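What follows is a set of notes on a single structure, which appears directly below.
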Amino acid sequence: MATPPAECIYVFWDEGMLSHDTGKGVFDSGMDPGFLDVLENHPENPDRVKNMLSILKRGPISPYVSWHPGRPALFSELLSFHTQEYINELVEADKAGGKMVCAGTFLNPGSWGASLLAAGTTLSAMKHILDGHGKFSYALVRPPGHHAQPTQADGYCFLNNAGLAVQLALNSGCGKVVVIDIDVHYGNGTAEGFYQSNKVLTISLHMNHSSWGPSHPQNGSIDELGEAEGFGYNLNIPLPNGTGDKGYLYAMTSLVVPAIQKFDPDMIVLVVGQDSSAFDPNGRQCLTMEGYREIGRTVRDLADRYTDGRLLIVQEGGYHITYSAYCLHATLEGVLNLPLPLLSDPIAYYPEDEAYAVKVIESIQRYQKETVPFLKGT
């Protein structure tokens, strides 16, 4: 294997995560109505990650990638974020042959093992940074995790991979950690896990989708700011449909960057979901490769300024089999701060009108400055 450049992305991966089989049906329901000849794969299926894997192995970014193995998490590690009762429920469901734990979220034979690998692989990626072996780690994992709350599964997620990694950083001496979640859906599980903590600033840029049922009671609205000592340390940025590249960049520069400047973290965790892209079946946010590339550059700059470059990237959603891989490639190009794009965008996209998104973002900015204690006066 060729020696990677001095600056590279350390990618953590394990083939065993492909054993999570979510089945077929009408979209993510698992239902066969009886009148369709062709049932589609569940959106969170192995093929989407296979393309992410292959584009990093054989795409033009491959010389900048250093590969590392994953591992299953220990049960004791899971208890840093999840309750024993909840873990017991998942273990029993696995022993019973699986079940639908909530709408669209199927724990099937092989799912629990894949979930343990996703959690442990993310912990290994964080430990690589904490031990001083590299600045940028990327946990290429599935099932995703950011909807999994301490006591329940949600939204295709069983174990909160990013939340476990954040807790490992705190336990290892990091005083403050920031989570920037750009998945199209609210990272409600991560927020719930640190809702009363002032050591973790959770920032979620998401489609304005509100609650979707008992497993996801949170709305993702701007007034869900945290509780007790954590008040003000959960910043939600619900964006209108079709916000696009310019709107996302405006939200990053006007809301995310100032908050991180004030918070001054020791570690950044970027939670990426390519379901914010222009062609994802689960979202309507119209980000293109260039938008992801700019987000990567912005987060890289924040890491250079505040965390001595230390940045963990954790994979979440992204359900367009091809375009998700391209958008991941672009995100990592941005993190590497490469001067020119390595891949051109293969799909034409709609022209943007960011005027409405700018109005929404400015209204969120006014609300935060008036309400969030550590942002007053910014």
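Since the structure is predicted, the reported quantities are computational estimates derived from the model, not experimental observations.
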N/O donor-acceptor pair under 3.5 Å between Asn241 side chain and Arg284 backbone: no
From His329 NE2 over to Arg293 CZ, what is the distance, rounded to the nearest 0.5 angstrom? 9.0 Å
Exactly one of Thr243, Leu239, Asp275, Val184 clears side-chain contact (heavy atoms from CB on, under 4.5 Å) with Met207, and that residue is Val184
Given side chain to side chain contact (heavy atoms under 4.5 Å, CB included), test Ser204 with His146 step by step and report yes or no. CA-CA 11 Å; Ser204 180; His146 73 149; over 6 Å; no
Consider only side-chain heavy atoms of I, L, V, M, F, W and Y, link residues closer than 4.5 Å, and tell whether Ile129 and Val65 are in one cluster. yes
What about the rings of Tyr10 and His133, do their centers lie closer together than 6.0 Å? no
Counting only heavy atoms not in Tyr356, do more than 12 fall under 6.0 Å of its OH? no
Do NZ/NE/NH1/NH2 and the carboxylate oxygens of Glu362 and Lys359 come within less than 4.0 Å? no
Checking the side chain of Tyr86 only, and the main-chain atoms of Ala153 only, is there a donor and an acceptor separated by less than 3.5 Å? yes
So that I can tick it off, tell me whether Arg366 and Glu370 are bridged by a salt bridge, with the cut-off set at under 4.0 angstrom between side-chain N and carboxylate O. no
Test applied, side-chain hydrogen bond (donor to acceptor under 3.5 Å, both in side chains); reference residue, His147; option that passes from Asn188, Asn160, Thr190, Thr105: Asn188
Donor-acceptor pair, distance only, cut-off 3.5 Å: does the side chain of Ser276 make one with the backbone of Ile182? yes
Sub-4.5 Å side-chain heavy-atom contact between Asn51 and Thr322: yes
For the pair Asp183 (side chain) and Gly317 (backbone), establish whether a donor and an acceptor sit closer than 3.5 Å, ignoring hydrogens and angles. yes
Atom CG in Asp245, atom OG1 in Thr288: separation rounded to 0.5 Å? 3.5 Å
Give a yes or no on whether the ring-centroid distance for Tyr233 and Phe374 is below 6.0 angstrom. yes
Between Gln274 and Tyr323, does any side-chain donor sit less than 3.5 Å from a side-chain acceptor? no
Test your reading of the model: is there a side-chain donor-acceptor pair from Ser62 to the backbone of Arg58, 3.5 Å cut-off? no
Verify, without hydrogens or angle tests, whether His209 (side chain) and Gly283 (backbone) share a donor-acceptor contact under 3.5 angstrom. no
Leu205 and its side-chain contact (heavy atoms from CB on, under 4.5 Å) partner, picked from Val256, Asp181, Ile361, Leu255: Val256
Separation between CG of Asp280 and NE2 of His320, rounded to the nearest 0.5 Å: 8.0 Å
Heavy-atom donor-acceptor pair, Asp301 side chain to Thr298 backbone, under 3.5 Å: no
Single hit among Tyr138, Trp13, Phe12 for ring-ring contact (aromatic ring centres under 6.0 Å, His included) with His68: Phe12
Under 4.0 Å between a Lys/Arg side-chain N and an Asp/Glu carboxylate O for Lys99 and Glu92? no
One should read off an interatomic distance between Arg305 CZ and Asp264 CG, to the nearest 0.5 angstrom, of 11.0 Å
Hydrophobic cluster identity match, Met252 and Ile313, side-chain contacts under 4.5 Å: yes
Looking only at heavy atoms, which two atoms of Met126 and Val166 are closest? And how far apart? CE-N, 4.5 Å
Side-chain donor/acceptor of Glu352 to backbone N/O of Lys246, under 3.5 Å: yes
Keeping Glu316 on the side-chain end and Gly145 on the backbone end, is there a donor-acceptor pair under 3.5 Å? yes
Please find out if less than 6.0 Å separates the ring center of Phe158 from that of His20. yes
Rounding to 0.5 Å, atoms CZ (Arg310) and CG (Leu130) come to a distance of 6.0 Å
Non-hydrogen side-chain atoms of Phe75 and Asn88 separated by less than 4.5 Å: no
Quickly, which of Glu192, His216, Gln218 forms a side-chain hydrogen bond (donor to acceptor under 3.5 Å, both in side chains) with Gln149? Name it, please. Gln218
So NE2 of His82 and CD of Glu77: to nearest 0.5 Å the spacing works out to 12.0 Å
